[in-house]
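Everything below concerns the one structure shown next.
Naming: A, B, ... by sequence-line order, numbering from 1 per chain. Every heavy atom of this structure was used, including side-chain atoms; hydrogens, water molecules and symmetry mates were not. Source: prediction; values computed, not measured.
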2 protein chains.
Amino acid sequence: MFSKSCKYGLRSVIFIAGQAGENKKVSLTAVASGIDSPQAFTAKILQQLTKSSIVNSTKGPYGGFFIRKEDLETILLSDVVSVFDGDSVYTGCGLGLSKCDAKSPCPLHDKFITIRANIKVMLNSSLAAILNSEAEENLMFLKR
Amino acid sequence: MFSKSCKYGLRSVIFIAGQAGENKKVSLTAVASGIDSPQAFTAKILQQLTKSSIVNSTKGPYGGFFIRKEDLETILLSDVVSVFDGDSVYTGCGLGLSKCDAKSPCPLHDKFITIRANIKVMLNSSLAAILNSEAEENLMFLKR
DNA sequence: GACATAAAAGACATATTTATCCTTTTTAAA
DNA sequence: TTTAAAAAGGATAAATATGTCTTTTATGTC
């Protein structure tokens, strides 16, 4: 469904969103151990997230990564996914055909429409929605 | 969603199912051109499909690949997918967590339930169902 | 049996993804 | 202003996926 990078990205963002605000930042080490991912690779993931300004960061002592509370409403999971996997998740043909569309559908075209619609709905969730709906507890379960 | 190998595999199987029976076989060349895939790589794909006895083959002159008409009812798309991508598509956690389940759900667990259910339904289609529902015409569109 | 045909098998080659390590830059505190 | 902490950036390595090429094996025809 998603690339490994994308999964790390999603877990990172959800973890940071649940932990850190402008006052309380989390370090790379904290994120990597919080989502149980390889630290050096997670550093690269976080760089991509900060470059696309989904996550904020500050260097130096007491620095780290964070997401402002007011941004939790506007950041969507789809924003994170598109950083790592582009829009292939919602747009590509399930069988890999570039010419597949409503006029020249592949044999699975209609069945994929439903699935893509569901994925779109899911990824349209804001971070705030994820954090609320999950009643805090499930944030414990970001480890593999 | 699916690996490239898996997509080639699905396209191959649908193509062969629509073209060939025990009396009329199709060659590697025909399959590769029929689904617009690299020939040498498609050879490997077809080898995997014959080894897992989803597709039959005979060597030598007038040989080739085929699927028996009576097998079209029993071969499911999920059989093909599992050869190439295993069962991660339906069973794995969307965030890549191995310990994610109803008891220890990841923050997206519930949202994935619907999606996985739809995927399961889609992949539960038999080759016969695909060929019928698509009224023959869509088999023209197996090229990329 | 000799020959041609076509898939099977094995050895490589390339590309992409995932992962690590080392150096540089920024920042806060002493 | 020196020092330490932490992210950013760059180079490289390892693993996996994708793709090609050559040889071998099986099979039908003559």
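What separates NZ of B:Lys7 from P of D:dG19 is a distance of 11 Å, to the nearest Å. In this structure, NZ of B:Lys24 is placed 17 Å from C1' of C:dA6, rounded to the nearest angstrom. Between the P atom of C:dA6 and the NZ atom of B:Lys25 lies a distance of 12 Å, rounded to the nearest Å. Between the CG atom of A:Leu28 and the C1' atom of C:dT25 there is a distance of 16 Å, given to the nearest Å. D:dA6 atom P lies 15 Å from atom CD1 of A:Ile16, rounded to whole Å. In this structure, A:Gln39 places its CD atom 13 Å from P of D:dA8, rounding to the nearest Å. Between the CD1 atom of B:Ile45 and the P atom of C:dA9 there is a distance of 15 Å, rounded to whole Å. Rounded to an integer number of Å, the gap from B:Phe66 CZ to D:dT27 P is 12 Å.
Near DNA chain C, defined here as any heavy-atom distance below 4.0 Å, the residues from residues 55-63 of chain A are A:Lys59, A:Gly60, A:Pro61, A:Tyr62, listed numerically. Taken residue by residue, residues 78-89 of chain A places no heavy atom nearer than 4.0 Å to DNA chain C.
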Every protein N/O within reach of nucleotides 10-13 of chain C N/O, cut-off under 3.5 Å:
| unit_1 | atom_1 | unit_2 | atom_2 | d |
| --- | --- | --- | --- | --- |
| C:dG10 | N7 | B:Lys44 | NZ | 2.9 |
| C:dG10 | O6 | B:Lys44 | NZ | 2.6 |

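Applying the ring pair (Phe, Tyr, Trp, His ring centres under 6.0 Å) test to every pair with at least one member in residues 61-89 of chain B, sequence neighbours left out, gives no pairs at all. Residues in residues 71-92 of chain A take part in no salt bridge (charged side-chain N to carboxylate O under 4.0 Å, His left out) pair, two or more places apart or across chains.
B:Val89 and B:Met1 make their closest contact through CG2-O, 4.4 Å (heavy atoms, listed as atom of the first residue, atom of the second, distance).
Here the OG atom belonging to A:Ser125 is positioned 11.0 Å from the CG atom belonging to A:Leu131, to the nearest 0.5 angstrom. Here the CD1 atom belonging to A:Ile130 is positioned 10.0 Å from the CG atom belonging to A:Leu76, to the nearest 0.5 angstrom.
B:Glu22 is linked by a salt bridge (charged side-chain N to carboxylate O under 4.0 Å, His left out) to B:Arg68, counting only residues two or more places apart in sequence or in another chain. Residues that satisfy the side-chain hydrogen bond (donor to acceptor under 3.5 Å, both in side chains) test with B:Thr42, not counting sequence neighbours, are B:Ser37. For A:Ala117, there are no side-chain contact (heavy atoms from CB on, under 4.5 Å) partners, not counting sequence neighbours. Legend: residues meeting ring pair (Phe, Tyr, Trp, His ring centres under 6.0 Å) with A:Tyr90, ordered by chain and number and at least two apart, are absent. Residues passing the ring pair (Phe, Tyr, Trp, His ring centres under 6.0 Å) test with A:Phe41 are A:Tyr8, sequence neighbours excluded.
A:His109 has its side chain within reach of A:Ile113: a pair of non-hydrogen atoms, C-beta onward, lies under 4.5 Å apart. Within the 4.5 Å cutoff, the side chain of A:Leu77 has no heavy atoms near those of the A:Asn124 side chain.
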Could you list the donor-acceptor pairs under 3.5 angstrom formed between side-chain atoms of residues 44-59 of chain B and any protein atom two or more places apart in sequence or on another chain?
| unit_1 | atom_1 | unit_2 | atom_2 | d |
| --- | --- | --- | --- | --- |
| B:Thr50 | OG1 | B:Leu46 | O | 3.2 |
| B:Thr50 | OG1 | B:Gln47 | O | 2.9 |
| B:Ser52 | OG | B:Gln48 | O | 2.8 |
| B:Ser52 | OG | B:Leu49 | O | 3.3 |

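For A:Lys51, taking side-chain heavy atoms from C-beta onward, the closest of the listed nucleotides C:dT20, D:dG9, D:dT20 is D:dG9.
Using a 4.0 Å heavy-atom cutoff across all strands shown, B:Thr50 reaches sugar-phosphate atoms only and no base atom.
Heavy atoms of other residues, nucleotides or ligands lying less than 6.0 angstrom from NZ of B:Lys120 number 12 at most.
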Could you run through nucleotides 12-18 of chain D and give me one letter per nucleotide, 5' to 3': B if any protein heavy atom sits under 4.0 Å from the base, S if only the sugar-phosphate is that close, - if neither? ------S
